[in-house]
J.: 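Here you go, one structure.
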Amino acid sequence: TALPICFEYLKARVFMAAAGVKSLRESDRPDDAYVDRLRSLVENSAPERKEHGKHCILALCEVYDERGNHRLDQTSLYIPNNYIKKLAVRHPKTFIPTCSVHPKDPEALEKLHQLRDQGVRLIKWLPNAMNIDPDLNDEDYVKFYEKVNKLEMFLLIHTGDEHSISSRFHDDSLGSPLKLKGPLGHKVKVIAAHCASEVNRSRVGLLVDFVGVL
């Protein structure tokens with residue numbers, strides 16, 4: 001117990017240093033420090049060019065269980081859609097807003113409509129830490145995929161194991177590329193993030209899984 005806690009503390013300190021965050025005290029405005037760090041990285045990424053381009057800034061929704069109950073107690077990282085939208089409005093030359101909507105959220109379809117009306121098209125999923133099974137063929141997922149198609153949105157789905165977010169809910173089997181058969185089978189456009197990483201075994205095993213999706 002002591003060792004995992006020490007490891008998580010050290011990992012948090014490394015992340016904070018990389019993010020330009022010196023303190024998590026609310027008075028020190030850690031969110032603003034992180035945003036300033038992101039802006040600096042983007043705006044100085046191509047000093048030889050006048051235009052640095054825009055970058056997607058990702059939302060991450062809360063965990064929901066199979067019955068559609070909101071499980072904040074199992075959620076370790078929550079980045080609200082409204083917060084991401086505000087950042088994009090505040091820094092329109094730097095950030096493109098995205099969203100994150102859980103298919104088991106009872107208001108999922110309504111949220112997709114609202115977000116699409118705001119110009120958002122990309123939906124971020126991190127199944128391993130969000131209790132999302134992309135290949136689950138039940139009514140909520142089917143309706144979700146149908147709505148995503150109708151609204152011409154697409155999914156950015158984490159693949160492989162997850163090492164950064166230490167969620168209270170964690171299931172790396174949900175990061176298998178084979179799970180992408182669910183949305184792909186419903187004609188949803190999918191970006192498979194981190195597709196060169198591992199899935200509980202060798203990179204060769206991951207390659208085999210990707211071949212199995214084709």
J.: Look only at the side chain of T94 and the backbone of R39, and say whether a donor-acceptor pair between them is shorter than 3.5 Å.
T.: no
J.: Does the side chain of H158 pick up a donor-acceptor pair with the side chain of K124 at under 3.5 Å?
T.: no
J.: Ignoring hydrogens and angles, tell me if any N or O in the side chain of T75 forms a donor-acceptor pair with the backbone of V63 under 3.5 Å.
T.: yes
J.: For V89, what residues pass the side chain to side chain contact (heavy atoms under 4.5 Å, CB included) criterion, not counting sequence neighbours?
T.: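 Partners of V89 under the side chain to side chain contact (heavy atoms under 4.5 Å, CB included) test: K85.
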J.: Would you find a donor on one side and an acceptor on the other, under 3.5 Å apart, between the side chain of N128 and the backbone of D161?
T.: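 It does not hold such a pair.
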J.: Can any side-chain N or O of S23 pair as donor or acceptor with the backbone N or O of R25 at less than 3.5 Å?
T.: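 Indeed, once roles are kept as given, a pair shorter than 3.5 Å links the two residues.
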J.: Please determine if D73 and R71 form a salt bridge, counting it only when a charged side-chain N lies under 4.0 Å from a carboxylate O.
T.: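 A salt bridge is present here (some side-chain N lies under 4.0 Å from a carboxylate O).
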J.: Would you call E139-K143 a salt bridge at under 4.0 Å N-O?
T.: yes
J.: Supply the atom-to-atom distance C99 SG to I84 CD1, rounded to the nearest 0.5 angstrom.
T.: 10.5 Å
J.: Passes side-chain contact (heavy atoms from CB on, under 4.5 Å), I123 versus V148? Steps please.
T.: CA-CA 9 Å; I123 306 161; V148 169; 3.7 Å; yes
J.: Regarding D140 and K104, does a basic nitrogen lie under 4.0 Å from an acidic carboxylate oxygen?
T.: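 The answer is yes: the pair qualifies as a salt bridge.
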J.: Please tell me if the side chains of P183 and D135 come closer than 4.5 Å, counting only heavy atoms from C-beta onward.
T.: no
J.: What's the spacing between Q74 CD and M130 CE if we round to 0.5 Å?
T.: 13.0 Å
J.: Among the clusters formed by ILVMFWY side chains lying less than 4.5 Å apart, do I79 and L115 turn up in the same one?
T.: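 Yes, one cluster joins them.
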J.: Yes or no on side-chain contact (heavy atoms from CB on, under 4.5 Å) for L122 and F154, after CA distance, side-chain angles and deciding distance?
T.: CA-CA 5 Å; L122 188 150; F154 54 98; 3.5 Å; yes
J.: So that I can tick it off, tell me whether D105 and K111 are bridged by a salt bridge, with the cut-off set at under 4.0 angstrom between side-chain N and carboxylate O.
T.: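 Yes, charged N to carboxylate O under 4.0 Å.
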J.: Would you call the rings of Y141 and W125 parallel, tilted or perpendicular, taking 30° and 60° as the class edges?
T.: perpendicular
J.: Name the atoms and distances for all side-chain donor-acceptor pairs under 3.5 Å in residues 184-191, with sequence neighbours left out.
T.:
{"unit_1": "H186", "atom_1": "ND1", "unit_2": "G182", "atom_2": "O", "d": "3.0"}

